[in-house]
Structure formats: C-alpha cells, structure tokens
Amino acid sequence: MLSSYLLAPSPRIDYTNNQLFKIYTRTPEDLALLKRWQVELRPLQLDFWDDALPDYFNPFHTSFLVRVPPQSVKDFTGYLIAAEIDYQISSHDLKKLVQWEKMTVATAQQAGRNRGSGMVIAQSPGTDRYPNHRRVLLPGVHTLASYLPLENVNNFIDSIVDRHPVMASTFEIGRSFEGRPIRGIKIGTPFMNFGETTFEDPQSVPPTVKKAILIDGAMQGRDWITVPALLYLVQQLLSRYDIDDRARFMLDTYDWYIIPVANPDGYLFSWQTDRFWKKTRSISALNTTLGNPQCRGVDLNRNFAFGWGKSEESDYESSDVCHRSFGGGKPFSERESTALAKFMFNNRKQIKIYITLQNYGQAVLTPYAAKPVLSKDHRSHVLAGSIAARAMHKVHGEGYELGTFAEALYLAGGTSIDWAYEVAKIKYSFQFQLRDRGSWGFLLPRSRIIPAAAEFYAGVTEMAHFVHLSEMDYENIDKVW
C-alpha cells in the first residue's frame, strides 16, 4: 500500500523568509568545497538551484544560486565566512519574488482576456502551393510574453492547429506517471518535391524524405521559460512563412516536432504547489516509505540509458532518492523519458537535430555529459554550436557559452543528449540553456521572456541552416561561416 503522504494533496509551499544566496568561487578548492557541502550540509536543507555556472574567462570563477531556509541562514552564513567564500544575498524573502511572479502572470492573463481572442492576423500575398495560408489567425506574441500554465499551453497548441491544419498538427508521445498526455505540435509544409526552394541556396534540391528537428522543453518542472520560448518558435515560423525567406526555408526543409512540456506532472506541480519542483511525480518502491514529499519523482535528464548513475557527486546524487538530481532506480524507470526515447529512436533516421531546452545559464552544450572526452563529431558540434551561440548573441548582445556538457558544467550520467547522440545516432544533439546567468535563475522576469525566446529562435534557425548545408556535402563548410 502506498504511503498516505504520497496520496494526499500537497500544501502550497510559499517560501516565507527563505533567502536566495549567490555564491562565488575563485579557486578549484572553493569549487570542490561547494560540491562537498551539497552532501555534508544536508541537515541545513539547502537547495542548490543548479550546479556551478562558470565564468567565460576563468573556469574556476563560478557562481551558485542557493535557496536557504530561514532556520539555516545563520549557520550557512557562518560556513561561508569561515571558508572566506564571497557571496551576496539576491533575495531576503523568496516568497515575495514568487508572489510577484504570480501577480505579473495573472495580470498578463487578464490583459489577454480583455483583448478578446488574443489572436493576430498574419497577412501576406500567399503562395500557389498554400493558398489557405494567405490569411492565418495565430496567437499573438503578447500571449507568449508571460508564463503559461499547462492548460494554456494545450489551448495555445490547439488554437494553432485549428486555424492552420495544413501546416500544423498535434501528436502525443505517451502518458506521464499521473496519466497526463505528453503532447507536441508538428509544423512544416507537407512533403513534396519543392525543387529550388531553399534559403540562400537556390541550387539545392531536398532529399526524398523530409528531415526533422525534435525539441523538448520543461523536462524539469521549474524551467518555465522553455515553454514560451518553444511556442514563440512555432508562432514565428508559421506567421512569417509567406513574408520571410528564412521561415519558409525552415518549414519547407524540416518537419519541426516541438514538445513544450516533456514533464507535465512536474510542470503542473511547480504551478500548483512548489514553484521550484524539478523532478517527475512518480511513486516507486524506493520512495514510498520515506515519508518525505521531496523524495518523490526522478530527474528526467538523469534517467536515460547512457552513462546512467554517473555524476560529479558520485554515489550521493545517483542513489539518494530525495536528491533533486536523483536519476531513478534504473535507466528509463520513468514513463516520460521512455516515451521521449521511443519517439526519438523510432524517428531517428528522419531527425537531424535534437535539442533539449532548459534554463538557466546561457549556454549551448554538446555531448558528452557522462564522460570528460570529446565526441568523434566534436568539430561539427563546435561549428553548429558556435553558429547558434553567435546568432543568439547578435539579437540583444547576450553572451552564450559553448562547450561540452561535462566541460562547461560537470559530469552527469543519464542525460538525453548523450543518449540521443550515442544510441539514437542523432549527430547534432544539444542542450540549450536560456537566460539568465544567475541573477534571477528560475524567476526570470516576464519582461525578458520574449527577448530570451527571440534569441533561441535566432540560434536554432541558424543551426538548422548550417546542418542542412553540411548534409549537402558542401566543400569547406566551415569557411561559409
């Protein structure tokens, strides 16, 4: 029988008087100490929001965001002072930040309702191939200038498909632990021999099977920024198809499979109960007897069957069911990771690019995560990643780091990009980390959603263009850029 705490509704966590520390390390010893503290200071109930964010110019200059409960502030401050580690307090009461975010989201949703349908009309001269595309109703950009609850995400997807059935359709890769559909939207022109219809390349002819790009978001429940970023990508490609060569090339050349919320249970829980929930909501024999709600679930991005169980924190992270990065009792223990892997593997010959989208950190990460070595396609990864990072930088001047996952962050087993690259054989597999660099972390202000989404749009479309050219066997492809 399942423990009653797992079945009972969870009270909302408000984080009253929780403080958010930003901690700076300057030496390898500082960095090692902070990693040890994640194990040794467990009684303080510290929540390291993410692992170290490296400085662009010095790999040992890193920063951590750490949520500290009120009863532990004095002790934790003492540890920092004794170790002579620099820090600043980004928030003295995290509840106020969470409430402020909730208020701005509610205000945006009400403003959208006051506008009526919230739709814009994409007017264009149309094309002979798609006469129905001449006047298309799409959700307006203002709809995406806010974070979206799960219901709104599904409504957004449905509204696009209802208004544009020729180029958009929904799909479902499986069900979550709690039975919610893991939904996606596919966009692209129906495959046919377009002949000379490419972006900046009138001589190329598409292959007989249309290529695809697979992107997922919200694999970790608290990564809210990833959802509007992906929906913005969909909205921009469709609304600009007839007026922009780039958008037309993207939809003519690729089918785009977009899964905005890969972890619907965790995402919904982060809205209803715990804003900073990361894992799934699964129940297993490993966590039913512990009586701690934090022990429920698994980090999906540690649950794939490549390098599973390996981590910088060794046995602690991989075996402690209550850890935020617990990778599960076995690879693919989770319905969500299994569904994503099956979809990826079944379509592996079509999928040319796989991206998992996360926040925060502003980085483009390549395989490997599970081992500190370079892949055999590292040169191609660097070329494609640098093109994306440079395009993202050009939008608003924000810098995006490029590197292997293990090099830029830390060793981590069971990631989706390692599995996609090694098992599904998807050569171009990346993890994009959106804004910011740790000033706001998971609470990125609403005013920065569209800028972050625009940066991702620029980066992923430039990467897609490069991959297309590289597969056309261009000579000296690196010199094109």
Side-chain angles (χ1 to χ4, degrees), residues 9-15 94-95 97-119 138-162 170 172-173 175-185 215-235 258-281 296-297 300 336 357-360 434-435 440-450 452-453 456:
S10 301
R12 182 180 293 275
I13 301 174
D14 65 9
Y15 294 106
L94 203 52
K95 178 182 178 180
L97 281 182
V98 174
Q99 287 181 326
W100 173 76
E101 179 185 60
K102 182 180 179 181
M103 179 186 68
T104 59
V105 169
T107 300
Q109 290 175 345
Q110 183 60 49
R113 287 190 289 269
N114 292 341
R115 291 187 184 100
S117 66
M119 300 292 166
L138 289 171
V141 172
H142 65 261
T143 306
L144 301 177
S146 179
Y147 296 112
L148 301 175
L150 185 60
E151 180 182 6
N152 292 32
V153 175
N154 289 327
N155 290 341
F156 188 100
I157 291 173
D158 291 337
S159 69
I160 290 178
V161 174
D162 288 346
T170 60
E172 181 180 314
I173 65 171
R175 296 266 168 167
S176 68
F177 176 83
E178 295 179 337
R180 295 183 179 86
I182 307 171
R183 302 186 70 207
I185 180 169
I215 313 177
D216 65 65
M219 186 179 287
Q220 299 171 345
R222 61 194 181 184
D223 286 1
W224 287 10
I225 182 59
T226 64
V227 178
L230 287 177
L231 298 180
Y232 178 91
L233 171 66
V234 171
Q235 192 267 354
I258 308 297
I259 304 173
V261 182
N263 177 11
D265 296 347
Y267 186 73
L268 183 64
F269 192 76
S270 74
W271 276 85
Q272 294 181 341
T273 303
D274 183 351
R275 172 61 183 89
F276 306 116
W277 186 259
K278 180 181 182 182
K279 300 186 287 184
T280 63
R281 297 293 298 154
R296 186 169 172 174
L300 283 180
E336 297 87 348
L357 201 57
Q358 299 190 9
N359 73 295
Y360 50 95
L434 300 181
R435 292 197 187 189
W440 295 92
F442 301 109
L443 297 170
L444 190 70
R446 191 169 65 88
S447 61
R448 304 186 189 187
I449 294 176
I450 295 300
F456 175 65

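Residues take their numbers from the sequence shown, with the count starting at 1.
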Practice prompt. Find out whether S146 and T104 are in side-chain contact, i.e. whether some heavy atom of one side chain is under 4.5 Å from a heavy atom of the other.
Written response: no

Discussion item. Determine whether the aromatic ring centres of residues Y232 and F456 are separated by less than 6.0 angstrom.
Written reply: no

Item to complete: Could you check if a side-chain atom of D162 sits within less than 4.5 angstrom of a side-chain atom of S159, using non-hydrogen atoms only?
Response: no

Practice prompt. Under the side-chain contact (heavy atoms from CB on, under 4.5 Å) rule, what do Q235 and L144 come out as? Steps first, then yes or no, please.
Written response: CA-CA 9 Å; Q235 192 267 354; L144 301 177; 4.3 Å; yes

Worksheet, complete the sentence: Residues W100 and P445: closest non-hydrogen pair is CH2-CB, 3.8 Å

Item to complete: State, to 0.1 Å, how close E172 and P181 come at their nearest heavy-atom pair, and which atoms those are.
Response: OE1-CB, 3.4 Å

Worksheet item: Would you call R175 and E178 a salt bridge, using N to O less than 4.0 angstrom?
Response: no

Worksheet item: Considering all heavy atoms of both residues, which atom of I449 and which atom of A145 are nearest to each other, and what is their separation?
Response: CD1-C, 4.0 Å

Worksheet, complete the sentence: Contacts of R222 meeting salt bridge (Lys or Arg N to Asp or Glu O under 4.0 Å) (sequence neighbours excluded), chain-then-number -> none

Practice prompt. Drop me the distance from R446's CZ to Y147's OH, to the nearest 0.5 angstrom.
Written response: 10.0 Å

Worksheet item: Hey, does P11 have a side-chain heavy atom less than 4.5 Å from the side chain of T273?
Response: no

Worksheet item: So, does T226 use its side chain to make a donor-acceptor pair with the main chain of A218 at under 3.5 Å?
Response: yes

Practice prompt. Could you check K279 against R296 for side-chain contact (heavy atoms from CB on, under 4.5 Å), going step by step and ending with a plain yes or no?
Written response: CA-CA 8 Å; K279 300 186 287 184; R296 186 169 172 174; over 6 Å; no

Worksheet item: With sequence neighbours left out, which residue pairs that include part of residues 261-275 fulfil the salt bridge (charged side-chain N to carboxylate O under 4.0 Å, His left out) condition?
Response: E101-R275, R180-D265

Item to complete: Assign the ring pair W224 / W271 to parallel, tilted or perpendicular, where the plane angle (0 to 90°) is split at 30° and 60°.
Response: parallel

Worksheet item: Short question: side chain of Q358, backbone of Q220 - any donor-acceptor pair under 3.5 Å?
Response: no

Worksheet, complete the sentence: Nearest heavy-atom contact between P149 and Y267 is C-CE2, 4.2 Å

Practice prompt. Rounded to the nearest 0.5 Å, what's the gap from CD1 on I160 to OG1 on T170? Could you check?
Written response: 11.5 Å

Worksheet item: What's the spacing between I450 CD1 and R448 CZ if we round to 0.5 Å?
Response: 14.5 Å

Discussion item. Nearest 0.5 Å, please: how far is CG in L230 from CG in L434?
Written reply: 8.0 Å

Fill in: Straight-line distance of K102 NZ to L97 CG, nearest 0.5 Å
15.0 Å

Item to complete: Search all heavy atoms of G221 against all heavy atoms of S270 and return the closest pair with its distance.
Response: O-OG, 3.3 Å

Discussion item. Which heavy atom of K278 sits nearest to which heavy atom of N263, and what is that distance?
Written reply: O-ND2, 3.7 Å

Worksheet entry | Candidate pair I225 and F442, rule side-chain contact (heavy atoms from CB on, under 4.5 Å), full reasoning | CA-CA 8 Å; I225 182 59; F442 301 109; over 6 Å; no

Item to complete: Could you give me the CA-CA distance, side-chain angles and deciding distance for I259 and I215, then say whether side-chain contact (heavy atoms from CB on, under 4.5 Å) is met?
Response: CA-CA 6 Å; I259 304 173; I215 313 177; over 6 Å; no

Worksheet item: How long is the span from the CG atom in L94 to the CG atom in L443, to the nearest 0.5 Å?
Response: 6.0 Å

